[in-house]
Protein chains: 2
Amino acid sequence: MLSDVAKLAGVSTATVSRVYNEPDKVSANVRERVEHAALTLNWFPNAAGRALASTRSHIAGIIIPTLDDQVFASQVSGMQAAFAARGITLVLGCSNYDPAQALMQVRAMLARGVEAMAVVGEAHPAELFDALRRYRVPYAVTYAYREGSPHTCIGFDNHAAYVEITEHLIGLGHRSFAVCIQPTRDNDRVQARVAGIRATLERHGLAVRPEHMFEGESTMGFGRRSLRTIWQAPCERPTAIICGNDHIALGVLREAEELAIAIPGELSVTGFDDLEIAKEMRPALTTMRVDTYEIGRLTAQHLLDSLDGKRPLNGQKVNALLQLRQSTGPSAR
Amino acid sequence: MLSDVAKLAGVSTATVSRVYNEPDKVSANVRERVEHAALTLNWFPNAAGRALASTRSHIAGIIIPTLDDQVFASQVSGMQAAFAARGITLVLGCSNYDPAQALMQVRAMLARGVEAMAVVGEAHPAELFDALRRYRVPYAVTYAYREGSPHTCIGFDNHAAYVEITEHLIGLGHRSFAVCIQPTRDNDRVQARVAGIRATLERHGLAVRPEHMFEGESTMGFGRRSLRTIWQAPCERPTAIICGNDHIALGVLREAEELAIAIPGELSVTGFDDLEIAKEMRPALTTMRVDTYEIGRLTAQHLLDSLDGKRPLNGQKVNALLQLRQSTGPSAR
DNA sequence: TTGTAGGCGTTATCAA
DNA sequence: TTGATAACGCCTACAA
């Protein structure tokens, strides 16, 4: 431990500590001796002791719904890299889309003494944000950005993004829509997307009929089943399907091939996320692209600035960019 | 802090501590009083103090190459869930396929006092494993399993898996092969795969000609470019392409469509990982499936057992299952 | 079952 | 620039 190093180097423990925390307050000569001693003793500072004495844990936390979704994984990746460059360890919690689990994870992280936190979305129990504020832990809501949110948001505007998608389709002459989307429960991002679709349609005097509204798991299978159901139903078929993400849209595309539905001739399809395969599919998928790694990087940067007392944490909007490709075209009707 | 709770509850600090660490050594009456006090004071134990006093950090670590690859993300996910259920926080480090970064991350985790560690693969500096042993931190090498490895391995046999793929193709009559694989540098898993292919071919008096050996990034783009190069070259074309994973294989499939190469009539293609889309592609991709979430879960379980002193850490082999689909068929020649 | 008291490994304050 | 020493918040013999 530290005192052994001090003894070997023939200095006090305070000096050893300084060598690692305020190196330029130590003479080069002494510093060298200490570093040598540390090396031969194979010593490095113990984080717990350090945290206790300095009341700084050098830990930050992030809560995401799941690592199974690439968009969250890459956000974690971006934060991790940015924090690591500043000697801060990122600890990860998965809520599995369950607010109660998110709250538990945040509490556990508070107990660990996290210095900053990021949580995906704002659909969380009030206690979660209360706890963060009570312990004066700077935090940011990521992935989603909403004007008027009480939180620091770093992400994109889910509502606006789906307004853009819907307007694109309406501009192509579509008037009859189906929607295939992930579970909306406890998910403000998905809710905002649906709201964006509805509001836009309404503005044009349109609406999604209930039998064309599908909510289910984020898989190709869900997309496939939904399209099959739509096509088998006796009611009028939609000319466009708006999907909650690329997985679902790819399933729709795949099933359309099976059912010999011409795309975009007979049916237009849109996704979200712009997975690598989206542009490689035939027809290539019209979708929206968001740089989630960048969201992570930005979030870490904001939190670090806030820890440095540089500036009050304020939100930042990231753009979602529409990638027009072959899966959308003029309405046949 | 703890002493405030003790005061409010009218007990000693030791008793408060017991309530959280050995609850059944405290009478129900006293326990209730303490819990009430803690609640009103909104107190929970500070992890740094706890770690320092008990010399148990309740932290475990995992080093993966990157979160961008689903297989590693889901392994993290599996470990996380299993550890969380036991009150252990998982901290994550990404090496970006760089041994030096992996070593740094391990050192940082040792400083944090990790109680157990997992690292993907065994292609790491000797210092890394030395450090782990010196600090008596139980660890496991994951994702890869190799007979005779000096480490506890929990994963599948990359070599054997590619022997199986190669044998499958040879059984179909193929004699001329191309290989498209991820960077082999510092990557024992990929090296084992290539070795498996080579050894199997050699056993049949065959080999991959150098101009049919491609090494590049794990993307569809790399697969596409590779196939195009192969097809444009003046030399004899292979009848089968073995890819290092599904991304690359999907790219090959996609480019084959572009070049109007009949699959599997003219060319057989294999992948690895069995992404959801692999079975949905037309033609569906022949590939191998590994349950990486399970690898993570098993690893956590082994490490927990080892911490409990239950049994010496010994390896465990997970199966990679060949998924025979439409992208492989009899050789035309 | 409960309390006392010393120590876990470092940092921070103050003096020298 | 360096050193002595008291925290930091909790756990754990040991004693009662």
Side-chain angles (χ1 to χ4, degrees), chain A residues 1-38 41-59 87 89 107-115 135-136, chain B residues 1-38 41-59 87 89 107-115 135-136:
Chain A
M1 40 189 261
L2 188 142
S3 57
D4 297 329
V5 176
K7 204 173 297 171
L8 181 59
V11 299
S12 71
T13 60
T15 300
V16 176
S17 176
R18 279 192 207 99
V19 168
Y20 289 86
N21 296 300
E22 314 166 288
D24 25 61
K25 285 195 172 180
V26 177
S27 68
N29 167 22
V30 172
R31 196 188 323 155
E32 226 164 272
R33 253 163 50 215
V34 169
E35 279 166 351
H36 180 76
L41 256 41
N42 213 291
W43 173 90
F44 41 74
N46 168 304
R50 207 162 145 76
L52 197 52
S54 68
T55 62
R56 286 213 49 189
S57 66
H58 298 274
I59 286 182
T89 299
R107 291 211 169 117
M109 292 188 179
L110 253 15
R112 285 234 171 273
V114 285
E115 298 184 23
Y135 287 86
R136 296 204 167 58
Chain B
M1 40 187 258
L2 188 142
S3 57
D4 297 329
V5 177
K7 205 173 297 171
L8 182 59
V11 299
S12 72
T13 59
T15 300
V16 175
S17 177
R18 282 194 205 96
V19 168
Y20 289 85
N21 296 300
E22 314 166 287
D24 25 61
K25 285 195 174 179
V26 178
S27 69
N29 167 23
V30 172
R31 195 187 324 155
E32 225 164 90
R33 254 163 51 214
V34 169
E35 278 166 349
H36 181 76
L41 256 41
N42 214 291
W43 174 90
F44 41 73
N46 168 303
R50 214 210 236 297
L52 199 51
S54 67
T55 61
R56 286 214 47 189
S57 66
H58 298 274
I59 287 181
T89 299
R107 291 211 168 117
M109 292 188 180
L110 252 17
R112 282 244 122 74
V114 284
E115 298 184 22
Y135 286 86
R136 295 204 168 57

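By convention in this document, chain letters (A, B, ...) are assigned in the order of the sequence lines, proteins followed by strands, and residues within each chain are numbered from 1.
The shortest non-hydrogen separation linking A:A37 to A:A9 is CB-CB, 3.9 Å. Closest heavy-atom contact between B:H58 and A:R112: O-NH2, 2.6 Å.
Taking atom CD of A:E22 as the reference point, atom P of D:dT2 lies 13 Å away to the nearest angstrom. When the P atom of D:dG9 is taken as reference, atom OH of B:Y20 falls 17 Å away, rounded to whole Å. Spacing between atom NE2 of B:H58 and atom P of D:dC11 amounts to 9 Å, rounded to whole angstrom units. Spacing between atom CH2 of A:W43 and atom P of C:dG9 amounts to 12 Å, rounded to whole angstrom units. Look at CZ on B:R56: it is 18 Å from C1' on D:dG9, rounded to the nearest Å. One interatomic measurement links the two molecules: CG of A:N21 to P of C:dA12, which rounds to 7 Å at whole-angstrom precision. Atom CG in B:L52 sits roughly 11 Å away from atom P in D:dC10 (whole-Å rounding). Summarising the geometry, the separation between CG on B:N46 and P on D:dC10 is reported as 5 Å, rounded to the nearest angstrom.
Nearest to the side chain of A:T13, among D:dT5, C:dT2, D:dT12, sits D:dT5. Nearest to the side chain of A:R18, among D:dG3, C:dT11, D:dG9, sits D:dG3. For A:A53, the listed nucleotide lying nearest its side chain is C:dG9; candidates were C:dG3, C:dG9, D:dG3. If you check C:dT10, C:dG3, D:dC8 against the side chain of B:S12, the one that comes closest is C:dG3. In this structure, the nucleotide among C:dT2, D:dG3, C:dG9 sitting nearest to the side chain of B:S27 is C:dT2. Closest contact between the side chain of A:A14 and the listed nucleotides D:dC11, D:dA4, C:dG9 involves D:dA4.
A:T55 comes within 4.0 angstrom of no nucleic acid atom, judged by non-hydrogen atoms across all strands. If you check every strand for non-hydrogen atoms under 4.0 Å, B:V16 touches nothing. As judged by a 4.0 angstrom heavy-atom cut-off over every strand, B:S3 is placed among residues making no nucleic acid contact.
Looking at B:R31, its side chain does come within 3.5 Å of a backbone N or O of B:V26 through a donor-acceptor pair.
In terms of phosphate contacts, A:S54 brings no side-chain nitrogen or oxygen within less than 4.0 Å of OP1 or OP2 of C:dT10.
If B:R31 and A:L2 are placed on DNA chain C by their nearest nucleotide, the residue sitting closer to the 5' end is B:R31.
For the atom pair CH2 (A:W43) and CD (A:E35), the distance works out to 11.0 Å, reported to the nearest 0.5 Å.
Within the 4.5 Å cutoff, side-chain heavy atoms of A:V34 are placed close to those of A:Y20.
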